[in-house]
Engineer: 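Take this structure, written in C-alpha cells, and hold onto it; I'll ask about it next.
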Amino acid sequence: MYVSSSSRRASSAGADASGTAAVLPAPAVRAGFAARLIAWQRQHGRHDLPWQNTRDPYRIWLSEIMLQQTQVSTVIPYYARFLARFPDVAALAAAPLDDVMALWAGLGYYSRARNLHRCAQAVVEQHGGAFPASVDALAELPGIGRSTAAAIASFAFGARATILDGNVKRVLARVFGVEGFPGEKRIENAMWTLAESLLPSSTNDADVSAYTQGLMDLGATLCVRGKPECGRCPFAADCVANATGRQRELPAARPKKAVPRRRTWMLVLCDGDAVMLEKRPPSGIWGGLWSLPEAADETALAERAHAFGANGAVSPLAPLTHTFTHFKLDIEPRIAELGRGVGATVAAGDAETAWVPLRDIDAYGVPAPVRKLLDGLQGSLL
DNA sequence: GATTCGTGGCC
DNA sequence: TGGCCAAGAAT
C-alpha cells in the first residue's frame, strides 16, 4: 500500500477549496504510484494501437496531434490515410496546404492541420528534418503544447516528462481527490505539479513509455467518465473517489454555459454535376476549408446567387442543424442553377472559388455538415 | 484567464 | 432528445 488510510484524505492532493497550495503525496506514495501503473500497463494496457510499437517521432507526433480532443476510434482511419499519403515529415512539408486540409476534413479543429503543416516545415527547415528530442524544443513547434511535447518526448526519446490530458486529469482527480474544475488555471497548475511528482524515478526508456501509456490507458479503458470499472483498477484500494463513492463527482464538471445559436444561408450553385465552392478565410470556424458560399439572410443569398450567374429560381433544400462545442448553427441551404451561356466562371468576390464535380469532392477539404449536404445531393444531380 | 476552435459517440 | 466531452493549443 502506497498511502495509509489515515493520511490519505487529510493529504488530498492538488488545490483545495480555500485555494491553498498543492499538497503532494509523500515520497513513498509517489514511487508506488508509478511502479504500480507501469506493471498494470504491461499486463492490461493497450499495446496494438496503430501509433504504438514505433519510436519514429514523425508517426508519434502525427498521432498525438490527431488525438488532441479526439477519440482513438475517430483518429484511426485518418491516421492511416495520412501515413499512406505522407510517409515522412519531408513529404508532409513539401505538400500543398490544400492537400493536407483535404485529408484532415471531417476530423475537426482545423487549426491543428494548419499547424501540422507549419510544424513539418519547421522541422525540415530549422531542425534538418529530424524532430528535436527535448520537451522544451518540441513545445516551441507549432501545435505542440506542454502535454503533447511530453507525450512525444517520452514515447520517441524516453524523456522523463509528464503528460496532462483529459485522461490524466480524471485519474488524478479521482485517485487523489483533487477538487475543482480541472479547466481552471489554479486547479490545472496543481495537477501539473502533482503529475510531475508522480513520474517514475527510472529513466529507462521502456519504463517511461509504459508509464505515459499507462496514464492514458487507465483513463481511457477503466477510469472512464461514465461508469468506471473500479473493480479492475490497480488503485481501487487507495482511490479517494472509490473510497467515498464520488466517482461521479470527480473530476468536477465544467461550469454550464448557454450555447448561442447562429443561422446561416448556404448556396448550392450547380453547373451540371459540378457545384461552386468558396474557400474560407484561414482563421475562424472551418478556417482554410472549402465550403458553400454563405449569406446572412435569404435576400443576401439570392443576390449572391444572381451575381454568380444564376438566372432561375433559388429553391430551398431541407435545413440542418450543426452543433459545435460553443454554439449551434442552423443551416438554410438554397439551390440554384448556373444560367445557360454564362459559362463556368464567376465574377469573383474576395474569396477564391472553384467548380467541383461532386465525384471529386474528396480532393477538397469540406466541413462535415457541408459534406453531408452534398452527399445527399449526389443522387439527384447525377 | 477566458475564448475560440469540430465532430461524433454515449447515455 | 440534448448534455457532455475526448491523447489541448493558440490567442
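Below, chain A is the first sequence line, B the second, and so on; all start at residue 1.
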Engineer: For a quick check of understanding: with a heavy-atom distance under 4.0 Å over all strands, which category does A/Lys227 fall into, base, sugar-phosphate or nothing?
Structural biologist: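 No contact.
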Engineer: Using the closest heavy atom to pick a nucleotide of DNA chain B for each, name whichever of A/Arg112 or A/Arg254 lands nearer the 5' end.
Structural biologist: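 Of the two residues, A/Arg254 wins.
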Engineer: What interatomic distance, in whole Å, is found between C1' of C/dA9 and the corresponding atom of B/dG1?
Structural biologist: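 Each nucleotide's C1' atom is 15 Å from the other's.
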Engineer: Confirm from the modelled atom types if A/Arg46 and C/dA7 form a donor-acceptor pair under 3.5 Å, side chain to base only.
Structural biologist: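 Donor-acceptor pair under 3.5 Å: yes.
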Engineer: Say we look at C/dA10 and B/dG8: how far apart would their C1' atoms be, to the nearest angstrom?
Structural biologist: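 The answer is 24 Å between these two C1' atoms.
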Engineer: Check whether any side-chain N or O of A/His322 sits under 4.0 Å from OP1 or OP2 of B/dG6, and answer yes or no.
Structural biologist: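 Answer is no, no contact under 4.0 Å.
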Engineer: Using 30° and 60° as the class boundaries, would you call the ring planes of A/Trp61 and A/Phe131 parallel, tilted or perpendicular?
Structural biologist: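 Tilted.
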Engineer: Between B/dC5 and C/dA7, how far apart are the two P atoms, rounded to whole Å?
Structural biologist: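 My reading of the P atoms in B/dC5 and C/dA7 gives 23 Å.
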Engineer: Looking at C/dC4, I'd like to know if its phosphate oxygens (OP1 or OP2) sit under 4.0 Å from a side-chain N or O belonging to A/Lys256.
Structural biologist: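 Checking C/dC4 against A/Lys256, a side-chain N or O does come within under 4.0 Å of OP1 or OP2.
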Engineer: Over how many whole Å does the gap from A/Lys328 atom NZ to B/dG6 atom P extend?
Structural biologist: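 Value for this atom pair: 18 Å.
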Engineer: Look at the side chain of A/Thr325 and the base of B/dG6, then say whether one donor and one acceptor between them are separated by less than 3.5 Å.
Structural biologist: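 Check passes, donor-acceptor contact within cut-off.
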Engineer: Once hydrogens and angles are ignored, does a donor-acceptor distance under 3.5 Å link the base of B/dG6 to the side chain of A/Thr70?
Structural biologist: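 Per atom types, the contact qualifies.
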Engineer: With a 4.0 Å limit, can you tell me whether A/Gln68 has a side-chain N or O closer than that to the phosphate oxygens OP1/OP2 of C/dG8?
Structural biologist: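 Negative; the distance criterion is not met.
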Engineer: Give me the ring orientation class for A/His322 and A/Trp286: parallel if the planes are under 30° apart, tilted from 30 to 60°, perpendicular past 60°.
Structural biologist: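 It falls in the tilted class, 30° to 60°.
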Engineer: Please give, in whole Å, the distance from C/dA6 C1' to A/Tyr109 OH?
Structural biologist: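 About 9 Å, once rounded to whole Å.
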Engineer: Decide whether a cation-pi geometry holds between A/Arg146 and A/Trp192; the criteria are a distance under 6.0 Å from NZ or CZ to the six-membered ring centre and an angle within 45° of the ring axis.
Structural biologist: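 So A/Arg146 does make the cation-pi contact.
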Engineer: Should the pair A/Arg112 and A/Tyr109 be classed as cation-pi, given the thresholds of under 6.0 Å to the six-membered ring centre and 45° from the axis?
Structural biologist: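 Because its charged atom misses either the 6.0 Å distance or the 45° angle limit, A/Arg112 does not stack over A/Tyr109.
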Engineer: Below 4.0 angstrom from OP1 or OP2 of B/dT7, is there any side-chain N or O of A/Tyr110?
Structural biologist: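 For B/dT7, OP1/OP2 do have a side-chain N/O of A/Tyr110 under 4.0 Å.
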